[in-house]
Engineer: 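Quick one: the structure is below, and I'll ask about it shortly.
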Amino acid sequence: MELDMKKDVKNIITAALNELEVPVSFDLKSVVFSVDYTKTREHGDVATNVALKLSKLLSRSPQVIASSLLGVLRENSLFEKVEIKGPGFINFFLSADYYHGVLVELSKNNNVIMPNIGDGKKILLEYVSANPTGPLHVGHGRGAAYGSVLASLYIALGYDVVSEYYLNDAGRQMDILAFSVWFRYVELCGVGVAYPDKCYQGAYIIDIAKDLYAEHVDALYAPYAKNMPSMDFALNDSIEDEDQRLDAGIATCKDIASVEIYNLISRHTVNAIRGGIVSDLAAFRVEYDNWFSEKSLYSDGVIDKVFNSLLLKECLYVKDGAYWFAATNWGDEKDRVFKRSSGDYTYFAADLAYHWQKFQHGYNRIIDVFGADHHGYAPRLRAGLKALGLDTNDFEILLLQFANLFRSGQKVSMSTRSGEFVTLSQLYNEVGVDATRYFYSTCKPQQHMDFDLDVAKKKSMDNPVFYVQYAYARICGIFSKYEDSGFSWNQIVGLENLDLLSTEHEQKIMLLLAKYEEVVVASADSYSPHLLTGYLQELASCFHSYYNSVTFISNETNMCGARLLLLSIVSKVIRSGLSLLSVEYPEKM
RNA sequence: GCGCUUGUAGCUCAACUGGAUAGAGCAUCGGCCUUCUAAGCCGAGGGUUGCAGGUUCAAGUCCUGCCAAGCGCACCA
């Protein structure tokens, strides 16, 4: 069964609208109105604005319209009370039977069973996809947490989800990376060098070079050592432009050391960094189904295929010796180079080919999670896909704003090239995986967020994950205490005494439990995991208040049974929510 | 200069996508452990939702114009 209180009420209202006297030409089905949860219990459990929306259309006052609906609505046994309040809202108080039905439903299984909305529809979800030029840093962590939670949500709702990481293992950055490692390696072989500014500065480059040295000693240097007494060529002052100087250095390196050795170093480097990324993500509870190599797009001829296809469709033109894609014809603001005058494809070409390839596998929805720094890239990608004749309606590009890291009130830089960054693994090793994941998830994706390391490390209530986990642990504690007292927990007594649940806390908890499935669905539909964290905090808060207001374990068998049943469901829902976030739910804290 | 995102309590963030009295946590102040976990509870203070207009029964939310922050505007990736 799908628990959706708002939908239930909305259906009843829609049926009730037939009671209104309206002109024949008037189409009641076209009326847009909402059913919302109220902010205070005074306004009932849910309220609708239908009378307000109809007011102008029927030129009748909202009060009059609401009054004419009231009779039918009150007849429905779902409601204990229906009232008109304020400017014309209709407020609904749901009956105890409704809530008891929710509890019965949720008590049926050991875990919360989500409605099967996806029904096996296939989703391809790509996220993080950071360049393999260094370890993941704190900026990537947000994408990792966000994407992996989205994946969990969709899986829980019955979708067939494939998670994918696009590995940019081709192009100039890879050359610079290999060159950097080669430099450090030669350094280990005893050649004094001045390390180029434009090379990757991080200490991890030295570590990779050390691995190489441990494996090969100086075998990757000795063959050409006598031809190259100094590394100064790479700092050749006669070339003014830094990038040109770097490219000249790389070319010289390939020339002197041989392409074979260069490729060996390059392969080793990418493997080492990818391995680090994989294990960092795994420890952060992020797993992928696919690691898609950009290089494979070249070797498999996918880019050539897309190039030819665009050529055939006359979407490309030649200017200054390069092939340009006429992106402006498809909604982008500029035309884009597809194939350089040098004959090399651009990054865009590879990425378009990558996405074209995604569309060949029959996914019902294709989702990309982009960092906000790539937002300008979305229009050209869409343009390219449209030009290729693909339907982009089910292609979603989600933008995730940056997370700024603060330490001691100072913003911490996050440039991979400079080597000055806090890695994701450092972060979760300091703060904890649970707290890090949860903290990322509390913020809506388009919000620029500040992540204060000092605050997070305190493991205080600044990070509400403990608050939610504590609620769970407390409930577990109650049950173990109950068992220790010689009782044996059985939900039948509770199910027979649901009428005894009547306090304000109990009422509010039942309402929250009834909302849970809707919250999960809304989190997935609107790509907003923060709705789930917000919900869990509210539920935990309500439980903690409840906990302080009554004693659960008592000799009043019936009351005790009813309350423990309620708690068992609360803990079931918290466990479900935390596991969707891939956050642990310890039974003791 | 143009585009995207954001601006809400001292700080970090919500506000169910236009609803009724804008909510949490942290920080500050005052209470609550002889009883199931005090990582908790109860209470207090704290707001012209960046500014100015507009749209309507109703605006933090929508439209316009300013102001401020982040990001983007390559034959880089």
Engineer: Taking the minimum atom-to-atom distance to the side chain of A:N131, which one of B:rC73, B:rA77, B:rA14 wins?
Structural biologist: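 Ranking B:rC73, B:rA77, B:rA14 by closest atom to the A:N131 side chain puts B:rA77 first.
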Engineer: Just name whichever nucleotide pairs with B:rU8, Watson-Crick or G-U, keeping both distances under 3.5 Å, else none.
Structural biologist: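 Paired with no nucleotide.
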Engineer: Between B:rU49 and B:rC62, how far apart are the P atoms? Round to whole Å, please.
Structural biologist: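 It works out to 15 Å between them.
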Engineer: Under 4.0 angstrom, heavy atoms only, what part of the nucleic acid is A:E587 near: base, sugar-phosphate, or nothing?
Structural biologist: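 Result for A:E587 = base.
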Engineer: For the pair made of CZ in A:F402 and P in B:rU5, what is the distance, rounded to whole Å?
Structural biologist: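 That distance rounds to 16 Å.
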Engineer: Measuring only the C1' atom in each nucleotide, how far is B:rG30 from B:rU35? A whole number of Å is fine.
Structural biologist: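 Pairwise C1' distance, B:rG30 against B:rU35, rounds to 25 Å.
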Engineer: So which nucleotide does B:rG40 pair with, by the Watson-Crick or G-U wobble rule with both distances under 3.5 Å?
Structural biologist: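 Pairing partner: B:rC32.
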Engineer: Counting Watson-Crick and G-U wobble pairs only, both distances under 3.5 Å, name the nucleotide matched with B:rU55, or none.
Structural biologist: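 Partner of B:rU55: none.
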Engineer: Name the closest nucleotide to the A:K6 side chain, picking from B:rU12, B:rA77, B:rU17.
Structural biologist: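 Between B:rU12, B:rA77, B:rU17, the one nearest the side chain of A:K6 would be B:rU17.
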Engineer: Looking at the side chain of A:T38, which of B:rU17, B:rA20, B:rA69 is the nearest nucleotide?
Structural biologist: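 Nearest nucleotide to the side chain: B:rA20.
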Engineer: With side chain to side chain contact (heavy atoms under 4.5 Å, CB included) as the test, would you mind laying out the steps for A:H355 and A:D368 before giving the verdict?
Structural biologist: CA-CA 10 Å; A:H355 281 82; A:D368 283 10; 2.4 Å; yes
Engineer: Have a look at A:S61 and say if it touches a base, only the backbone sugar-phosphate, or nothing, with a 4.0 Å heavy-atom cut-off.
Structural biologist: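 Since no nucleic acid heavy atom lies under 4.0 Å of A:S61, the category is nothing.
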Engineer: Mind checking A:F348 for me? I need base, sugar-phosphate or nothing, with any heavy atom below 4.0 Å counting as a touch.
Structural biologist: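 Contact class for A:F348: none.
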Engineer: Determine the contact category for A:V521: base if any of its heavy atoms lies under 4.0 Å from a base atom, sugar-phosphate if only primed atoms, P, OP1 or OP2 are that close, otherwise nothing.
Structural biologist: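 Nothing, no nucleic acid heavy atom in range.
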Engineer: Between A:L316 and A:K339, is there a side-chain heavy-atom distance shorter than 4.5 Å?
Structural biologist: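 Of all side-chain heavy-atom pairs linking A:L316 with A:K339, none is under 4.5 Å.
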Engineer: Could you tell me whether A:H530 contacts a base, only the sugar-phosphate backbone, or nothing, with contacts defined as non-hydrogen atoms closer than 4.0 Å?
Structural biologist: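 Sugar-phosphate contact only.
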Engineer: Please determine if a side-chain N or O atom of A:Q537 lies less than 4.0 Å away from the OP1 or OP2 oxygen of B:rG23.
Structural biologist: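 Checking B:rG23 against A:Q537, no side-chain N or O comes under 4.0 Å of OP1 or OP2.
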Engineer: If each of A:G376 and A:K56 is mapped to the nucleotide of RNA chain B with the nearest heavy atom, which maps nearer the 5' terminus, i.e. the 5' end?
Structural biologist: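 Closest to the 5' end, via its nearest nucleotide, is A:K56.
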Engineer: Between the base of B:rG72 and the side chain of A:H374, is there a donor and acceptor pair under 3.5 angstrom?
Structural biologist: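 It does not, because no donor-acceptor pair links the side chain of A:H374 to the base of B:rG72 below 3.5 Å.
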Engineer: Checking only heavy atoms, does the side chain of A:N49 share a donor-acceptor pair with the base of B:rG19 at less than 3.5 Å?
Structural biologist: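 Flag set: donor-acceptor pair detected.
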Engineer: Please report the distance separating the C1' of B:rC11 from the corresponding atom of B:rC36, rounded so that it comes out in whole Å.
Structural biologist: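 Going atom to atom, C1' in each nucleotide, I get 36 Å.
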Engineer: When the C1' atoms of B:rG47 and B:rG23 are compared, how many Å lie between them, rounded to an integer?
Structural biologist: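 So the two C1' atoms sit 12 Å from each other.
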Engineer: When rounded to the nearest Å, what value does the distance between C1' atoms of B:rU6 and B:rA14 take?
Structural biologist: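 It comes out at 15 Å once rounded to the nearest Å.
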Engineer: Ignoring hydrogens and geometry beyond distance, is the side chain of A:N91 in donor-acceptor contact with the base of B:rA20 at under 3.5 Å?
Structural biologist: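 Such a pair is found, so the answer is yes.
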Engineer: Give a yes or no answer on whether the side chain of A:N558 reaches the backbone of A:V493 with a donor-acceptor pair at less than 3.5 Å.
Structural biologist: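 Judged by distance alone, no pair lies under 3.5 Å.
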Engineer: Respond yes when some side-chain nitrogen or oxygen of A:Y467 is under 4.0 Å from OP1 or OP2 of B:rC41, and no when none is.
Structural biologist: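 Checking A:Y467 against B:rC41: at least one side-chain N or O falls below 4.0 Å of OP1 or OP2.
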Engineer: Can you find a side chain N or O atom of A:T346 that sits less than 4.0 Å from OP1 or OP2 on B:rA77?
Structural biologist: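 No, outside the criterion.
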Engineer: So, for A:F402 and A:F451, is the gap between ring centers shorter than 6.0 Å?
Structural biologist: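 No, they do not, as the ring centres are separated by 6.0 Å or more.
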Engineer: Just checking A:A47: base, sugar-phosphate only, or nothing, at a heavy-atom cut-off of under 4.0 Å?
Structural biologist: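 Result for A:A47 = base.
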Engineer: Any idea how A:F552 and A:Y546 line up, ring-wise: parallel (<30°), tilted (30 to 60°), or perpendicular (>60°)?
Structural biologist: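 Ring orientation of A:F552 relative to A:Y546: perpendicular.
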Engineer: Assuming nearest nucleotide by heavy-atom distance, tell me which of A:Y546 and A:N404 is located more 5' along RNA chain B.
Structural biologist: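 The answer here is A:Y546.
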Engineer: If you go through the side-chain atoms of A:T551, does one of them form a donor-acceptor pair with the base of B:rC36 closer than 3.5 Å?
Structural biologist: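 Result: no qualifying N/O pair found.
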Engineer: Mind checking if A:Q469 touches a base, just sugar-phosphate, or nothing, with heavy atoms under 4.0 Å?
Structural biologist: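 If one applies the 4.0 Å heavy-atom cut-off, A:Q469 turns out to touch nothing in the nucleic acid.
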Engineer: Salt-bridged, A:E126 to A:K358, with N to O below 4.0 Å?
Structural biologist: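 Result for this pair is yes, salt bridge flagged.
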Engineer: In whole Å, measure the gap between the C1' atoms of B:rC33 and B:rU37 for me.
Structural biologist: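 Each nucleotide's C1' atom is 11 Å from the other's.
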Engineer: Name the closest nucleotide to the A:I553 side chain, picking from B:rC73, B:rC36, B:rA38.
Structural biologist: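 Among the listed nucleotides, the one closest to the side chain of A:I553 is B:rC36.
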Engineer: Can you tell me the Watson-Crick or wobble partner of B:rG1, both distances under 3.5 angstrom?
Structural biologist: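 In the structure as shown, B:rG1 has B:rC73 as its Watson-Crick or wobble partner.
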Engineer: Mind checking the C1' distance from B:rA22 to B:rU8? Whole angstroms is fine.
Structural biologist: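 One C1' to the other, the span is 8 Å.
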Engineer: Which nucleotide in the list B:rC16, B:rG19, B:rG40 gets nearest to the side chain of A:H544?
Structural biologist: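 Taking heavy atoms from C-beta onward, the closest nucleotide is B:rG40.
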Engineer: When all nucleic acid strands are considered with a 4.0 Å heavy-atom cut-off, which category describes A:A372: base, sugar-phosphate, or nothing?
Structural biologist: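 Result for A:A372 = sugar-phosphate.
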Engineer: Once you apply a heavy-atom cut-off of 4.0 Å, does A:K339 come out as touching a base, just sugar-phosphate, or nothing?
Structural biologist: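 Answer is nothing: A:K339 stays at 4.0 Å or more from every strand.
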Engineer: Touch check for A:T442, heavy atoms < 4.0 angstrom, all strands: base, sugar-phosphate only, or nothing?
Structural biologist: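 Sugar-phosphate, no base atom in range.
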Engineer: If you take any heavy atom closer than 4.0 Å to RNA chain B, which residues from residues 475-486 of chain A end up in contact?
Structural biologist: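 Heavy-atom contacts with RNA chain B come from A:G477, A:I478, A:K481.
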Engineer: In whole Å, measure the gap between the C1' atoms of B:rU12 and B:rU21 for me.
Structural biologist: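 So the two C1' atoms sit 25 Å from each other.
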Engineer: Report yes if the ring of A:F89 lies under 5.5 Å from the six-membered base ring of B:rA20 with planes under 30°, and no otherwise.
Structural biologist: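 Answer is yes, a stack.
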Engineer: Please report, rounded to the nearest Å, how far the P atom of B:rU6 is from the CD atom of A:Q401.
Structural biologist: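 Between P of B:rU6 and CD of A:Q401: 8 Å.
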Engineer: If you take the centroid of each ring, where Trp contributes its six-membered ring, are A:Y516 and A:Y535 closer together than 6.0 Å?
Structural biologist: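 For A:Y535 and A:Y516, the ring centres are under 6.0 Å apart.
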Engineer: Any idea which of B:rC75, B:rC36, B:rG19 is nearest the A:V337 side chain?
Structural biologist: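 Among the listed nucleotides, the one closest to the side chain of A:V337 is B:rC75.
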Engineer: Within less than 4.0 Å of OP1 or OP2 of B:rC75, is there a side-chain N or O belonging to A:K319?
Structural biologist: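 False: A:K319 side-chain N/O out of range (4.0 Å or more) of B:rC75 OP1/OP2.
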Engineer: Using purine N1 to pyrimidine N3 plus N6-O4 or O6-N4 for Watson-Crick, or N1-O2 and O6-N3 for G-U wobble, each under 3.5 Å, what pairs with B:rU49?
Structural biologist: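 Looking at the geometry, B:rU49 pairs with no nucleotide.
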Engineer: Base, sugar-phosphate, or nothing: which does A:D344 touch, judged by heavy atoms less than 4.0 Å apart?
Structural biologist: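 Nothing: the residue A:D344, judged by heavy atoms under 4.0 Å, touches no strand.
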Engineer: Quick one: is A:K444 getting a side-chain N or O under 4.0 Å of the B:rU17 phosphate, OP1 or OP2?
Structural biologist: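 No, because none of the side-chain N or O atoms of A:K444 sits under 4.0 Å from OP1 or OP2 of B:rU17.
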Engineer: Looking at every strand, decide which applies to A:Q446 at a 4.0 Å heavy-atom threshold: base, sugar-phosphate, or nothing.
Structural biologist: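 The residue A:Q446 makes sugar-phosphate contact but no base contact.
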Engineer: Establish, with yes or no, whether the OP1 or OP2 oxygen of B:rC73 is under 4.0 angstrom from a side-chain nitrogen or oxygen of A:R380.
Structural biologist: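 False: A:R380 side-chain N/O out of range (4.0 Å or more) of B:rC73 OP1/OP2.
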